[in-house]
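Okay, so here's the structure we're looking at.
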Amino acid sequence: MTNPITIREACTQKDTEFFWAQLHAYQARDLFPDPESEARAFFLSAEYRGQIQALHDRKENPMHYLLFRRGGQEIGLALTVVYATEDGKQSILEFCVFPEFRGNGTGTACARALLDWGKKQGAAFAELNAGAENRRRFWSRLGFIANGRDRWGEPLMLLPPRERIAVTAERLTNPEELWDLESGFLAEIGEAPMEQAAQTRLEQAISGGEITFFVARRLNRPVGICSVSSCFSTFACKKTGVFDDFYVEPAFRHQGVARTLVAAAQSFCRAQGYASLTVGCADGDVAMYRALGFGERLGTMLANNF
(Lines give C-alpha, C1' and ligand atoms only; values in the text may rest on other atoms or scores of the structure.)
Protein backbone atom coordinates (compact mmCIF):
# COMPACT_ATOMS: atom_id res chain seq x y z
CA MET A 1 0.00 0.00 0.00
CA THR A 2 1.27 3.46 -0.91
CA ASN A 3 1.71 5.68 2.15
CA PRO A 4 -0.07 3.47 4.69
CA ILE A 5 -1.45 4.93 7.91
CA THR A 6 0.69 4.25 10.97
CA ILE A 7 0.06 5.07 14.61
CA ARG A 8 2.49 6.28 17.20
CA GLU A 9 1.91 7.30 20.78
CA ALA A 10 2.58 10.83 21.98
CA CYS A 11 5.12 10.15 24.72
CA THR A 12 7.53 13.09 24.81
CA GLN A 13 6.57 16.49 26.19
CA LYS A 14 6.81 17.95 22.69
CA ASP A 15 4.50 15.26 21.29
CA THR A 16 2.07 15.69 24.17
CA GLU A 17 1.85 19.46 23.70
CA PHE A 18 1.28 18.96 19.97
CA PHE A 19 -1.44 16.40 20.71
CA TRP A 20 -3.27 18.74 23.10
CA ALA A 21 -2.97 21.74 20.80
CA GLN A 22 -4.53 19.74 17.97
CA LEU A 23 -7.18 18.21 20.25
CA HIS A 24 -8.26 21.63 21.51
CA ALA A 25 -8.32 22.98 17.95
CA TYR A 26 -10.57 20.08 16.90
CA GLN A 27 -12.89 20.56 19.87
CA ALA A 28 -13.22 24.31 19.31
CA ARG A 29 -13.59 24.01 15.53
CA ASP A 30 -15.68 20.87 15.02
CA LEU A 31 -17.41 20.03 18.28
CA PHE A 32 -18.15 23.29 20.07
CA PRO A 33 -17.93 26.18 17.57
CA ASP A 34 -20.10 28.47 19.73
CA PRO A 35 -17.66 30.64 21.73
CA GLU A 36 -20.28 30.99 24.49
CA SER A 37 -20.81 27.24 24.90
CA GLU A 38 -20.33 25.94 28.44
CA ALA A 39 -19.21 22.60 27.00
CA ARG A 40 -16.55 24.36 24.93
CA ALA A 41 -15.26 26.19 28.01
CA PHE A 42 -15.00 22.92 29.93
CA PHE A 43 -13.31 20.86 27.22
CA LEU A 44 -10.76 23.60 26.58
CA SER A 45 -10.07 24.03 30.29
CA ALA A 46 -7.12 23.00 32.42
CA GLU A 47 -9.59 21.01 34.54
CA TYR A 48 -10.53 18.75 31.64
CA ARG A 49 -6.91 18.27 30.62
CA GLY A 50 -6.02 17.41 34.19
CA GLN A 51 -8.77 14.78 34.35
CA ILE A 52 -7.63 13.14 31.12
CA GLN A 53 -3.97 13.32 32.13
CA ALA A 54 -4.80 11.49 35.36
CA LEU A 55 -6.39 8.71 33.30
CA HIS A 56 -3.33 8.70 31.03
CA ASP A 57 -0.97 8.35 33.99
CA ARG A 58 -2.79 5.57 35.86
CA LYS A 59 -1.27 2.08 35.80
CA GLU A 60 -4.46 0.13 35.09
CA ASN A 61 -6.36 0.84 31.86
CA PRO A 62 -4.33 3.94 30.91
CA MET A 63 -5.59 6.48 28.39
CA HIS A 64 -3.53 6.74 25.20
CA TYR A 65 -2.65 9.84 23.20
CA LEU A 66 -2.31 8.53 19.63
CA LEU A 67 -1.20 10.28 16.47
CA PHE A 68 -1.98 9.07 12.94
CA ARG A 69 0.93 9.38 10.55
CA ARG A 70 1.19 9.11 6.76
CA GLY A 71 4.06 9.96 4.45
CA GLY A 72 6.11 11.42 7.30
CA GLN A 73 3.32 13.75 8.47
CA GLU A 74 0.99 13.76 11.44
CA ILE A 75 -2.51 13.73 9.94
CA GLY A 76 -4.82 13.09 12.90
CA LEU A 77 -5.25 11.95 16.47
CA ALA A 78 -7.23 9.67 18.75
CA LEU A 79 -7.88 9.56 22.48
CA THR A 80 -8.62 6.00 23.49
CA VAL A 81 -8.34 3.40 26.24
CA VAL A 82 -8.57 -0.39 26.23
CA TYR A 83 -10.19 -1.71 29.39
CA ALA A 84 -8.66 -5.06 30.24
CA THR A 85 -10.96 -5.07 33.28
CA GLU A 86 -14.05 -4.75 31.03
CA ASP A 87 -13.41 -7.75 28.79
CA GLY A 88 -11.28 -5.80 26.35
CA LYS A 89 -13.53 -2.84 25.59
CA GLN A 90 -11.82 -0.16 23.50
CA SER A 91 -13.43 3.17 24.37
CA ILE A 92 -12.86 5.82 21.70
CA LEU A 93 -13.24 9.23 23.32
CA GLU A 94 -11.91 11.43 20.49
CA PHE A 95 -11.06 10.80 16.86
CA CYS A 96 -9.96 13.47 14.40
CA VAL A 97 -8.34 13.76 10.99
CA PHE A 98 -6.81 17.20 10.60
CA PRO A 99 -8.80 19.31 8.07
CA GLU A 100 -6.07 19.56 5.45
CA PHE A 101 -5.87 15.75 5.20
CA ARG A 102 -9.57 14.92 5.05
CA GLY A 103 -11.16 13.22 2.07
CA ASN A 104 -10.33 10.30 -0.24
CA GLY A 105 -11.04 7.74 2.49
CA THR A 106 -8.43 9.03 4.92
CA GLY A 107 -10.84 9.02 7.86
CA THR A 108 -11.87 5.44 7.21
CA ALA A 109 -8.26 4.35 6.87
CA CYS A 110 -7.36 6.04 10.18
CA ALA A 111 -10.35 4.48 11.93
CA ARG A 112 -9.41 1.01 10.70
CA ALA A 113 -5.84 1.59 11.84
CA LEU A 114 -7.14 2.64 15.27
CA LEU A 115 -9.29 -0.50 15.60
CA ASP A 116 -6.35 -2.67 14.49
CA TRP A 117 -4.19 -0.96 17.10
CA GLY A 118 -6.85 -1.72 19.70
CA LYS A 119 -6.92 -5.42 18.78
CA LYS A 120 -3.16 -5.60 19.26
CA GLN A 121 -3.70 -4.13 22.75
CA GLY A 122 -6.26 -6.84 23.55
CA ALA A 123 -9.50 -5.13 22.51
CA ALA A 124 -12.38 -7.50 21.75
CA PHE A 125 -14.89 -4.79 20.85
CA ALA A 126 -15.14 -0.99 20.69
CA GLU A 127 -17.53 1.65 22.02
CA LEU A 128 -18.02 5.37 21.49
CA ASN A 129 -20.52 8.21 21.89
CA ALA A 130 -22.21 9.25 18.67
CA GLY A 131 -24.59 12.15 19.13
CA ALA A 132 -24.10 13.76 15.71
CA GLU A 133 -25.71 12.19 12.65
CA ASN A 134 -22.56 12.43 10.52
CA ARG A 135 -20.61 10.65 13.28
CA ARG A 136 -23.20 7.86 13.40
CA ARG A 137 -23.07 7.42 9.62
CA PHE A 138 -19.27 7.32 9.62
CA TRP A 139 -18.90 4.68 12.32
CA SER A 140 -21.81 2.57 11.06
CA ARG A 141 -19.85 2.04 7.84
CA LEU A 142 -17.17 0.41 9.99
CA GLY A 143 -19.61 -2.03 11.59
CA PHE A 144 -20.69 -0.05 14.67
CA ILE A 145 -24.37 -0.25 15.62
CA ALA A 146 -26.56 2.02 17.76
CA ASN A 147 -26.48 0.61 21.29
CA GLY A 148 -28.62 2.67 23.67
CA ARG A 149 -27.30 5.73 25.44
CA ASP A 150 -25.23 6.59 28.49
CA ARG A 151 -26.58 8.00 31.74
CA TRP A 152 -26.09 11.56 30.51
CA GLY A 153 -28.25 10.98 27.45
CA GLU A 154 -25.52 10.61 24.81
CA PRO A 155 -26.23 7.92 22.18
CA LEU A 156 -23.79 5.03 22.22
CA MET A 157 -22.45 2.91 19.37
CA LEU A 158 -20.78 -0.46 19.71
CA LEU A 159 -18.64 -2.58 17.42
CA PRO A 160 -19.84 -5.90 18.85
CA PRO A 161 -17.49 -8.68 19.91
CA ARG A 162 -17.36 -11.52 17.39
CA GLU A 163 -17.27 -14.27 19.97
CA ARG A 164 -20.63 -15.35 21.39
CA ILE A 165 -20.45 -16.06 25.09
CA ALA A 166 -23.31 -17.30 27.24
CA VAL A 167 -24.67 -14.68 29.63
CA THR A 168 -25.51 -15.07 33.29
CA ALA A 169 -28.04 -13.13 35.36
CA GLU A 170 -27.97 -12.20 39.02
CA ARG A 171 -29.51 -9.80 41.46
CA LEU A 172 -28.07 -6.29 41.10
CA THR A 173 -25.96 -5.22 44.07
CA ASN A 174 -24.13 -2.20 42.62
CA PRO A 175 -26.50 0.56 41.40
CA GLU A 176 -23.65 2.14 39.42
CA GLU A 177 -24.05 -0.71 36.92
CA LEU A 178 -27.67 0.30 36.39
CA TRP A 179 -27.62 3.84 35.05
CA ASP A 180 -26.41 3.39 31.45
CA LEU A 181 -28.77 0.45 30.93
CA GLU A 182 -31.68 2.27 32.57
CA SER A 183 -30.97 5.25 30.31
CA GLY A 184 -31.06 2.93 27.29
CA PHE A 185 -34.37 1.49 28.48
CA LEU A 186 -35.86 4.97 28.93
CA ALA A 187 -34.64 6.03 25.49
CA GLU A 188 -36.34 3.02 23.93
CA ILE A 189 -39.70 3.96 25.43
CA GLY A 190 -39.25 7.63 24.53
CA GLU A 191 -38.32 9.01 27.93
CA ALA A 192 -35.58 11.44 28.97
CA PRO A 193 -32.56 10.28 30.99
CA MET A 194 -33.11 9.94 34.71
CA GLU A 195 -32.20 13.04 36.67
CA GLN A 196 -30.07 12.84 39.81
CA ALA A 197 -33.04 13.28 42.16
CA ALA A 198 -34.85 10.39 40.47
CA GLN A 199 -31.72 8.23 40.67
CA THR A 200 -31.56 8.91 44.41
CA ARG A 201 -35.21 7.90 44.86
CA LEU A 202 -34.64 4.72 42.87
CA GLU A 203 -31.56 3.84 44.93
CA GLN A 204 -33.64 4.30 48.08
CA ALA A 205 -36.36 2.04 46.68
CA ILE A 206 -33.76 -0.62 45.88
CA SER A 207 -32.16 -0.44 49.32
CA GLY A 208 -35.63 -0.52 50.93
CA GLY A 209 -36.62 -3.68 49.09
CA GLU A 210 -39.47 -2.04 47.16
CA ILE A 211 -37.89 -3.00 43.86
CA THR A 212 -35.31 -5.63 42.92
CA PHE A 213 -33.17 -5.39 39.81
CA PHE A 214 -31.49 -8.20 37.93
CA VAL A 215 -28.53 -7.70 35.65
CA ALA A 216 -27.38 -9.92 32.80
CA ARG A 217 -23.64 -10.15 32.20
CA ARG A 218 -21.51 -11.19 29.29
CA LEU A 219 -18.33 -11.97 31.21
CA ASN A 220 -17.94 -8.73 33.23
CA ARG A 221 -20.05 -6.44 31.03
CA PRO A 222 -23.66 -5.73 32.08
CA VAL A 223 -25.73 -6.14 28.88
CA GLY A 224 -29.31 -6.21 30.17
CA ILE A 225 -31.59 -5.49 33.13
CA CYS A 226 -35.07 -6.11 34.43
CA SER A 227 -36.84 -5.35 37.69
CA VAL A 228 -39.49 -6.82 39.98
CA SER A 229 -41.57 -4.50 42.18
CA SER A 230 -43.37 -6.01 45.13
CA CYS A 231 -47.04 -5.43 45.92
CA PHE A 232 -49.76 -7.27 47.87
CA SER A 233 -52.68 -9.05 46.24
CA THR A 234 -55.95 -9.09 48.21
CA PHE A 235 -57.14 -11.92 45.95
CA ALA A 236 -54.25 -14.25 46.75
CA CYS A 237 -53.49 -12.61 50.12
CA LYS A 238 -49.84 -12.92 49.18
CA LYS A 239 -47.18 -10.75 47.62
CA THR A 240 -47.08 -10.47 43.85
CA GLY A 241 -44.43 -9.07 41.55
CA VAL A 242 -44.63 -6.53 38.72
CA PHE A 243 -42.05 -7.01 35.98
CA ASP A 244 -40.53 -3.85 34.43
CA ASP A 245 -37.37 -2.07 33.21
CA PHE A 246 -36.82 -4.88 30.71
CA TYR A 247 -33.92 -3.93 28.48
CA VAL A 248 -31.17 -5.71 26.57
CA GLU A 249 -28.49 -3.76 24.74
CA PRO A 250 -29.24 -3.94 20.99
CA ALA A 251 -25.80 -5.38 20.25
CA PHE A 252 -26.53 -8.41 22.44
CA ARG A 253 -30.10 -9.22 21.46
CA HIS A 254 -31.12 -12.60 20.00
CA GLN A 255 -28.47 -14.28 22.14
CA GLY A 256 -30.67 -15.60 24.95
CA VAL A 257 -30.20 -12.60 27.25
CA ALA A 258 -33.94 -11.88 27.57
CA ARG A 259 -34.77 -15.45 28.58
CA THR A 260 -31.93 -15.49 31.09
CA LEU A 261 -33.19 -12.29 32.73
CA VAL A 262 -36.82 -13.45 32.88
CA ALA A 263 -35.76 -16.79 34.34
CA ALA A 264 -33.83 -15.00 37.10
CA ALA A 265 -36.84 -12.82 37.93
CA GLN A 266 -39.17 -15.83 37.95
CA SER A 267 -36.85 -17.84 40.20
CA PHE A 268 -36.65 -14.91 42.63
CA CYS A 269 -40.45 -14.62 42.80
CA ARG A 270 -40.87 -18.33 43.44
CA ALA A 271 -38.23 -18.27 46.16
CA GLN A 272 -39.97 -15.29 47.80
CA GLY A 273 -43.33 -17.09 47.74
CA TYR A 274 -44.95 -14.60 45.36
CA ALA A 275 -48.35 -15.58 43.97
CA SER A 276 -47.56 -14.29 40.47
CA LEU A 277 -45.35 -12.14 38.29
CA THR A 278 -47.21 -9.82 35.94
CA VAL A 279 -46.14 -7.41 33.22
CA GLY A 280 -47.88 -4.46 31.57
CA CYS A 281 -46.99 -4.17 27.89
CA ALA A 282 -48.02 -2.71 24.57
CA ASP A 283 -50.16 -4.89 22.30
CA GLY A 284 -47.20 -5.36 19.97
CA ASP A 285 -45.18 -6.96 22.77
CA VAL A 286 -47.78 -9.50 23.89
CA ALA A 287 -46.40 -12.32 21.71
CA MET A 288 -42.87 -11.72 23.01
CA TYR A 289 -43.94 -11.87 26.66
CA ARG A 290 -46.03 -14.99 26.02
CA ALA A 291 -42.95 -16.65 24.55
CA LEU A 292 -41.04 -15.67 27.70
CA GLY A 293 -43.54 -17.41 29.98
CA PHE A 294 -46.18 -14.76 30.72
CA GLY A 295 -49.04 -16.96 29.58
CA GLU A 296 -52.21 -15.59 31.18
CA ARG A 297 -53.80 -12.34 30.04
CA LEU A 298 -55.33 -10.34 32.90
CA GLY A 299 -57.54 -7.73 31.26
CA THR A 300 -56.29 -4.23 30.46
CA MET A 301 -54.23 -2.01 32.69
CA LEU A 302 -55.33 1.63 33.04
CA ALA A 303 -53.50 4.41 34.86
CA ASN A 304 -54.33 7.65 36.62
CA ASN A 305 -51.03 9.52 36.69
CA PHE A 306 -50.37 12.13 39.37
Side-chain angles (χ1 to χ4, degrees), residues 1-33 39-40 43-44 48-49 51-58 61-84 88-147 154-162:
M1 181 186 294
T2 304
N3 289 332
I5 304 293
T6 60
I7 291 180
R8 71 183 185 90
E9 192 150 4
C11 296
T12 67
Q13 183 175 354
K14 181 179 178 181
D15 284 344
T16 299
E17 291 306 319
F18 174 79
F19 177 92
W20 275 100
Q22 293 293 335
L23 177 60
H24 281 159
Y26 159 67
Q27 291 168 331
R29 178 186 62 242
D30 296 340
L31 300 184
F32 312 108
R40 174 187 174 119
F43 281 95
L44 300 184
Y48 172 73
R49 176 167 177 172
Q51 291 175 358
I52 296 300
Q53 187 65 38
L55 299 177
H56 176 275
D57 295 341
R58 67 188 177 185
N61 305 323
M63 191 75 68
H64 296 273
Y65 302 160
L66 303 182
L67 294 167
F68 299 112
R69 190 173 177 83
R70 183 179 63 192
Q73 288 182 294
E74 315 297 349
I75 65 169
L77 61 82
L79 185 64
T80 188
V81 56
V82 176
Y83 290 95
K89 179 183 79 175
Q90 181 180 8
S91 179
I92 302 171
L93 281 76
E94 301 286 7
F95 172 84
C96 169
V97 174
F98 304 150
E100 61 270 32
F101 300 105
R102 293 175 185 174
N104 299 316
T106 300
T108 298
C110 287
R112 292 192 187 283
L114 176 60
L115 295 172
D116 288 342
W117 176 91
K119 289 176 184 177
K120 293 176 183 177
Q121 305 299 314
F125 59 103
E127 186 174 53
L128 50 82
N129 289 109
E133 180 58 33
N134 62 341
R135 186 172 169 87
R136 288 194 290 272
R137 287 198 305 268
F138 175 82
W139 290 102
S140 66
R141 292 195 293 269
L142 290 156
F144 284 73
I145 64 173
N147 198 51
E154 283 294 311
L156 292 168
M157 296 189 78
L158 192 81
L159 181 64
R162 293 177 180 241

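Residue numbers run from 1 in the order of the sequence given.
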Side chains of Q53 and Y65 only: does a donor on one sit below 3.5 Å from an acceptor on the other? yes

State whether a side-chain donor-acceptor pair under 3.5 Å links Q121 with Q90. no

Minimum heavy-atom distance between [X] and [Y], given as atom pair plus value:
X	Y	value
G143	P160	O-CD, 3.9 Å
R40	A28	NH1-O, 3.3 Å
W139	M157	CB-SD, 4.1 Å
A130	R136	O-NH1, 3.0 Å
A39	F32	CB-CE2, 3.6 Å
L79	M63	CD1-CG, 3.5 Å

First locate atom [atom1] of [X], then atom [atom2] of [Y], and finally report the distance between them rounded to the nearest 0.5 Å.
X	Y	atom1	atom2	value
L159	F144	CG	CZ	4.5 Å
L114	I92	CG	CD1	4.5 Å
E127	K89	CD	NZ	4.5 Å
H56	C11	NE2	SG	6.5 Å
I5	C110	CD1	SG	4.0 Å

Would you please test L128 and F95 for side chain to side chain contact (heavy atoms under 4.5 Å, CB included) and show each step? CA-CA 10 Å; L128 50 82; F95 172 84; over 6 Å; no

Exercise answer: donor-acceptor pairs, residues 16-23 side-chain atoms, under 3.5 Å, sequence neighbours excluded:
unit_1: T16; atom_1: OG1; unit_2: T12; atom_2: O; d: 2.9
unit_1: E17; atom_1: OE2; unit_2: R49; atom_2: NH2; d: 2.8

Counting only heavy atoms not in Q13, do more than 12 fall under 6.0 Å of its CD? no

N104, CG atom: more than 12 neighbouring heavy atoms under 6.0 Å: no

Main-chain N/O of [Y] paired with [X] side-chain donor or acceptor, under 3.5 Å:
X	Y	value
S140	I145	no
R135	N129	yes
R70	T6	no
R8	L67	no

Test log, rule side chain to side chain contact (heavy atoms under 4.5 Å, CB included), inputs Y83 and V81: CA-CA 6 Å; Y83 290 95; V81 56; 3.2 Å; yes

Decide yes or no for [X] and [Y]: does some side-chain heavy atom of the first lie under 4.5 Å from some side-chain heavy atom of the second?
X	Y	result
L66	T80	yes
Q73	F98	no
F68	I7	yes

Residue pairs passing the salt bridge (charged side-chain N to carboxylate O under 4.0 Å, His left out) test with at least one member in residues 101-121, sequence neighbours excluded, are D30-R102

